[in-house]
Amino acid sequence: MAEYGDHESSGDPLETLRHSAAHLLAAAVTELYPDARYGIGPAVQDGFYYDFAFSKPISESDLPAIESRMRKLAQADIPFVHETMSREQATEEFRRRGQDYKLELIADKVEGDEVSVYRTGDFLDLCRGPHVRSTRDLKAFKLLRVAGAYWRGDEKKPQLTRIYGTAWPTPRELEDYVKFLEEAELRDHKKLGKDLKLFAVDDRIGPGLPLWLPDGATIRRELERFIVDEELARGYLHVRTPDVARLDLFRQSGHAQLYKEYMYPPMTFEDGEQLELRPVNCPHHIVIYQTELRSYRDLPLRIAEIGNNWRYERSGTLAGMNRVRSFALNDAHIFCTPDQLMDEVKGAIDLALYFSRVLGIDEFWYQLSTRDDVKDKWLGTEEQWQEAQASLAEALESMGQQYRIGVGEAAFYGPKIDFQVYDAHRREFTNSTVQVDFQLPQRFDLEYVAEDGSRKRPVMVHRGAAGAMERLFSYLIERYAGAFPTWLHPTQVVVAAVKDEFNDYAREVGERLRASKIRVHVDHRSERLDRKVRDAKVKKVPYIGVVGGKEVESGHVNVQNRAGEKVDMAVDAFVDMISAEIAERRRTPPHSWGGGPTGQRG
RNA sequence: GCCCACGUAGCUCAGGCGGUAGAGCAUUUCCUUGGUAAGGAAAAGGUCCCCGGUUCGAAUCCGGGCGUGGGCUCCA
């Protein structure tokens, strides 16, 4: 969270521009709403925002007026003037203006007696800068939306009105950005999920509980097969466990205490039985570990499951398939000795990298999430945390991976590595994660028999290599804009005859494809070819096989790929080509005529 | 949960300052047999999100819910 001081000596001219645009916004707002108090206004990715307390609420319909006032001020060529004041003088200045948020910042954030401020005409802001020379340097900006935001990111503090905007060096770049936003809208998984009939949400089922429609379920099945097969090949043992357990299990794990706000209320029966929908899979897997006495020879034991988790997320946080209240996690718990920990962490990272490569997750970065100093948030000793954090960092470093540290973002039982990815709107979210846990083994008194016959405590690694199926799906929809690689696409081929009299041949071609387990739809409607091709293209089907007199004659099929290129080929050759593409889970077909997934934004 | 916006046929949306609603696409039927992104016609389809209130009368105004979207907080 950018606050006073975050922008000191920032050398990035674009950031300077955007930060200056934020000042311009605040200057315009204070002119139009003299009693508005302003909070903070930093540059952010692609733009800027400023937080205000208005005496009466404003809405997006007020933005055009504010924006035109900004333009007026921009044209007025008002210089950004840097001044230094004494703490006393600055306090007096902001008190006179009734800017109590600024007074709070001076009191809490400014060290020493010198306070750096910027003046833009009548507008005065606590700020270290730097800024552009004059408001006139701000030539391309646009206000986007209003949103509520808690003062200093604390939901117990008052909620301010945040106005978001975007700013660019030139109008041309602003236009490009606006165009990007429009294109992102078209890739949005909520829109495509509906258009392509991949999933649905319905009030009667409930918020955050999407339905997987047949085509969406097909994609999920393919993903799950891929994931499970790969994990089996890497020595994971796949299990199946129920979605509920006795509440006591979660008391023992600590979730009932530390994770309560996200858990569904327990189901209580007349005989006193209390069952709980599980928010995580770990306790079930731990119980599996404990079904027999384990030897060091059994370790590492990698127990995996695509398990359903139930978390009652706050209503305002739900979003399509990306954030839901019931999801299936590609989860695994690795029980190992401390000596094996490093290799297991590396193995988990390697698996996540492999999944990313195959699925086309090309852009991501790592965050090492560590604990902060708030003692009662975390289980375990400082030493254990240090040790675990060091293991994760070392694993990443030894694999030559760069990472960022997120202080205070760990799980309550241990630090973790998160793989952060972006959606179509460049919003960041966690897709997969690797977490070290010294706590649960202790809470459940896990042990194994060591070489010398003594009982020892294993270490646990939690990892979600491909993340939650729902979130992964939302990512993939946006990544491919619905034009999934052939192996994932719900309909791999549409066969269409040029007229009804060739429908029999079309069906025959369909059968031959189906015999090779290719998902094919024979479009035998009495429609013109144009229409059938269009409908297949709208569905982003990878291959359209057209048949008519010529093809019946030669035993061929005329194939059009997504790029619109056409090739005439024997049916067997077509089957072989697609089969190979599917078997290798190719992202782009090998032949020169392309047809691969739509590229990423750019 | 909080802030702002939105909620009219399966979908995308018009309309309506109070007199129970329209289009295009999709669906169904009929006609059309057409070589690579929308052939033609007809029919059917709506408690205008829900519950209250004001009113002779509410989809429209007011209040309260619920849901969706964008943020905040949180997170796979």
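In this text the structure is predicted, and so the values were computed from the model without any measurement. Just so we're on the same page: letters track the sequence lines, and every chain starts at 1.
Between A/Arg531 and B/rA26 there is a side-chain polar atom (N or O) within less than 4.0 angstrom of OP1 or OP2. Residue A/Lys532 places none of its side-chain N or O atoms closer than 4.0 Å to OP1 or OP2 of B/rA38. Within the structure, every side-chain polar atom (N or O) of A/Lys566 is placed at least 4.0 Å from both OP1 and OP2 of B/rU36. Here A/Arg314 does not reach the OP1 or OP2 of B/rC2: none of its side-chain N or O atoms lies under 4.0 Å away.
Contact annotation for A/Thr430: backbone-only contact, meaning every heavy-atom pair under 4.0 Å involves sugar-phosphate atoms and none involves a base. A/Ser59 comes within 4.0 angstrom of sugar-phosphate atoms only, judged by non-hydrogen atoms across all strands, and of no base. Among the heavy atoms of the strands lying under 4.0 Å from A/Ile58 are primed sugar atoms or P, OP1, OP2 only; no base atom is included. Counting non-hydrogen atoms under 4.0 angstrom, A/Glu470 reaches nothing in the nucleic acid. As judged by a 4.0 angstrom heavy-atom cut-off over every strand, A/Lys197 is placed among residues making no nucleic acid contact.
Donor-acceptor pairing under 3.5 Å is lacking for the side chains of A/Arg507 and A/Tyr505.
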Please list, for nucleotides 62-69 of chain B, all pairs of protein and nucleotide N/O atoms separated by less than 3.5 Å.
| unit_1 | atom_1 | unit_2 | atom_2 | d |
| --- | --- | --- | --- | --- |
| B/rG67 | O2' | A/Asp203 | OD1 | 3.1 |
| B/rG69 | OP1 | A/Gly320 | N | 3.2 |

Short N/O separations, protein against nucleotides 10-16 of chain B, under 3.5 angstrom:
| unit_1 | atom_1 | unit_2 | atom_2 | d |
| --- | --- | --- | --- | --- |
| B/rU12 | OP1 | A/Lys194 | NZ | 3.3 |

Note, RNA chain B 5' to 3' with Watson-Crick or G-U pairs under 3.5 Å encoded as ( ), [ ], | and . gives (((((((..((((.....[..)))).(((((.......))))).....(((((..]....))))))))))))....

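Under a 4.0 Å N-O distance rule, the pair A/Asp535/A/Arg525 qualifies as a salt bridge. Salt-bridge annotation for A/Glu470 and A/Arg220: present, with a side-chain N of the basic residue lying under 4.0 Å from a carboxylate O of the acidic one.
The base of B/rG1 is not paired with the side chain of A/Tyr312 by any donor and acceptor separated by under 3.5 Å. Within 3.5 Å, a donor on the side chain of A/Gln560 pairs with an acceptor on the base of B/rU36, or the reverse. Side-chain atoms of A/Asp530 stay outside donor-acceptor range of the base of B/rU36, with no qualifying N/O pair under 3.5 Å. One can find a donor-acceptor pair under 3.5 Å joining the base of B/rC75 and the side-chain atoms of A/Arg323. Between the side chain of A/Glu155 and the base of B/rC2 there is no donor-acceptor pair of N/O atoms closer than 3.5 Å.
Taking every side-chain heavy atom of A/Arg145 into account, B/rG71 is the closest of B/rG71, B/rG35, B/rC75.
Using the six-membered ring where Trp is involved, A/Tyr413 and A/His462 have ring planes that are parallel, under 30° apart on the 30 and 60° scheme. Taking the six-membered ring where the residue is Trp, A/Tyr259 and A/Phe412 present tilted rings, their angle falling between 30° and 60°.
Residue A/Asp46 holds its CG atom at 11.0 Å from CG of A/Leu174, rounded to the nearest 0.5 Å.
Residues A/Val546 and A/Gln435 each lie close to RNA chain B; by heavy-atom proximity, the contact nearer the 5' end of the strand is made by A/Val546.
Judged by ring centres under 5.5 Å apart and planes tilted less than 30 degrees, A/Tyr164 fails to stack against the six-membered base ring of B/rG71.
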